[in-house]
Visitor: 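The structure follows.
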Amino acid sequence: MHDSIAPDQTSPATPRTGSDIVTSPTARRALASSRIIVGAYFLWAFFDKLFGLGYVVPPEGAWIRGGTPAQGFINHIEGPFAGVFSVFANTGGDVLFMAALLGIGTALLLGVGLRIAAVSGTLLMLMLYLAEFPLINGGTNPIIDDHWLFAAIMITSALTLAGDTWGLGRRWAAKVGDGWLR
């Protein structure tokens with residue numbers, strides 16, 4: 001029996017680009033700007049917790065000085081989900097939290113791995129939303145808050161290949177293809 005492969009199946013397909021999805025250069029720049037801003041936001045949170053820059057974390061609370069970035073937050077959670085997050089109130093939770101901030105922020109800033117960054121970033125935003133649960137704990141809006149805005153920007157960045165504009169998305173796609181690592 002002779003197996004035949006269609007000619008288009010013998011080589012990997014050329015990955016799509018952001019301009020295939022969003023044809024307006026101005027819209028692509030706006031999407032790239034949003035991606036970069038959210039990436040910088042995550043990286044700022046990482047560096048503030050790592051070095052204790054004095055904005056949210058005082059110098060004595062820096063991770064490099066023995067501070068506990070996740071535990072400090074988790075140990076002050078109030079509301080219906082407080083017990084759920086106690087599993088992360090340890091050194092492992094600190095490492096996971098800091099790795100998430102660094103990985104998601106770097107991916108968004110560089111425009112690579114946006115699909116994984118969008119999924120993991122949205123999961124992180126969901127967890128932070130539940131930890132601060134404004135429906136019970138109060139806030140300016142009992143249902144929608146900035147966590148959902150960040151998640152929406154990350155998802156939109158991944159779906160529109162926003163890393164191709166002002167990022168390394170196209171070069172990355174040439175190496176990893178158009179799959180989940182894109």
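Sequence positions, counted from 1, serve as the residue numbers for this chain.
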Visitor: Report, one line per pair, each donor and acceptor closer than 3.5 Å where one atom sits in a side chain of residues 152-159; sequence neighbours left out.
Guide:
from, atom 1, to, atom 2, distance (Å)
Thr156, OG1, Ala152, O, 2.8
Ser157, OG, Ile153, O, 2.8

Visitor: Run the side-chain contact (heavy atoms from CB on, under 4.5 Å) check on Arg171 and Leu168 step by step: do they pass?
Guide: CA-CA 5 Å; Arg171 288 183 186 161; Leu168 302 174; 4.0 Å; yes
Visitor: Taking Phe97 as the starting point, is it possible to reach Val57 by hopping between hydrophobic residues whose side chains are less than 4.5 Å apart?
Guide: no
Visitor: How far apart are the closest heavy atoms of Arg182 and Leu161, and which atoms are they?
Guide: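 What the structure gives for the nearest pair is NH2-CD1, 3.5 Å.
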Visitor: Is it possible for you to say whether Ile74 and Ile136 belong to one hydrophobic cluster, with membership spreading through side-chain heavy-atom contacts below 4.5 Å?
Guide: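 Same hydrophobic cluster.
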Visitor: Does the separation of the ring centres of Phe133 and Phe81 fall below 6.0 angstrom?
Guide: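 Phe133 vs Phe81: aromatic centres under 6.0 Å.
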Visitor: Considering non-hydrogen atoms only, spot the tightest contact between Leu50 and Met98 and give its length.
Guide: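 Heavy atoms of Leu50 and Met98 come nearest at N-CE, 3.7 Å.
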Visitor: Hydrophobic clustering (ILVMFWY, side-chain heavy atoms < 4.5 Å, transitive) - are Leu149 and Val38 grouped together?
Guide: no
Visitor: Under 4.5 Å between side-chain heavy atoms, hopping through other hydrophobics if needed: is there a path connecting Ile77 to Leu135?
Guide: yes
Visitor: With sequence neighbours excluded, tell me which residues meet ring-ring contact (aromatic ring centres under 6.0 Å, His included) with Phe150.
Guide: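 Partners of Phe150 under the ring-ring contact (aromatic ring centres under 6.0 Å, His included) test: Tyr41.
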Visitor: Using 0.5 Å steps for rounding, measure from the CD atom of Glu60 to the CZ atom of Arg65.
Guide: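 Between Glu60 CD and Arg65 CZ, I get 8.5 Å after rounding to 0.5 Å.
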Visitor: Sequence neighbours excluded, which residues qualify as ring-ring contact (aromatic ring centres under 6.0 Å, His included) partners of Trp166?
Guide: none
Visitor: Supply the atom-to-atom distance Met127 CE to Glu132 CD, rounded to the nearest 0.5 angstrom.
Guide: 12.5 Å
Visitor: Of all heavy-atom pairs between Gly93 and Ala70, which one has the smallest distance, and what is that distance?
Guide: O-CB, 3.6 Å
Visitor: For residues 101-116, which side-chain donor-acceptor pairs fall under 3.5 Å, sequence neighbours excluded?
Guide:
from, atom 1, to, atom 2, distance (Å)
Thr106, OG1, Leu102, O, 2.7
Arg115, NH1, Asp178, O, 2.6
Arg115, NH1, Gly179, O, 2.6

Visitor: Quick one: pull up CZ in Phe47 and CG in Leu53 and give me the separation to the nearest 0.5 Å.
Guide: 9.0 Å
Visitor: How far apart are the closest heavy atoms of Val22 and Arg28, and which atoms are they?
Guide: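 What the structure gives for the nearest pair is O-NH1, 2.8 Å.
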Visitor: Drop me the distance from Lys49's NZ to Trp44's CH2, to the nearest 0.5 angstrom.
Guide: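 Separation between the atoms: 11.0 Å.
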Visitor: Looking only at the aromatic ring of each residue, does the gap between the centers of Phe51 and Trp63 stay below 6.0 angstrom?
Guide: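 When the ring centroids of Trp63 and Phe51 are compared, they turn out to be at least 6.0 Å apart.
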Visitor: Do Leu124 and Leu128 pass the side-chain contact (heavy atoms from CB on, under 4.5 Å) test, and can you show the C-alpha distance, the side-chain angles, and the key distance before you say yes or no?
Guide: CA-CA 6 Å; Leu124 178 61; Leu128 290 172; 4.1 Å; yes
Visitor: Hey, could you give me the CD1/OG1 distance between Ile21 and Thr160, rounded to the nearest 0.5 Å?
Guide: 6.5 Å
Visitor: Write down the atom of Tyr55, the atom of Asp48, and the distance for their closest heavy-atom approach.
Guide: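 Minimum heavy-atom contact is N-OD1, 3.6 Å.
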Visitor: Suppose we screen for ring-ring contact (aromatic ring centres under 6.0 Å, His included). Which residues come up paired with Phe85, at least two apart in sequence or across chains?
Guide: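 Once residues adjacent in sequence are excluded, Phe85 has no partner under the ring-ring contact (aromatic ring centres under 6.0 Å, His included) criterion.
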Visitor: Kindly work out whether a path of hydrophobic side-chain contacts (I/L/V/M/F/W/Y, heavy atoms less than 4.5 Å apart) joins Leu96 to Val119.
Guide: no
Visitor: Rounded at 0.5 Å granularity, tell me how far CG in Asn141 sits from CH2 in Trp148.
Guide: 12.5 Å
Visitor: Minimum heavy-atom separation for Tyr129 and His147, please, with both atom names.
Guide: CA-ND1, 3.9 Å
Visitor: Does anything in residues 68-94 pair up under side-chain hydrogen bond (donor to acceptor under 3.5 Å, both in side chains), and if so which pairs, sequence neighbours excluded?
Guide: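 Sorted pair list: Gln71-Asp94.
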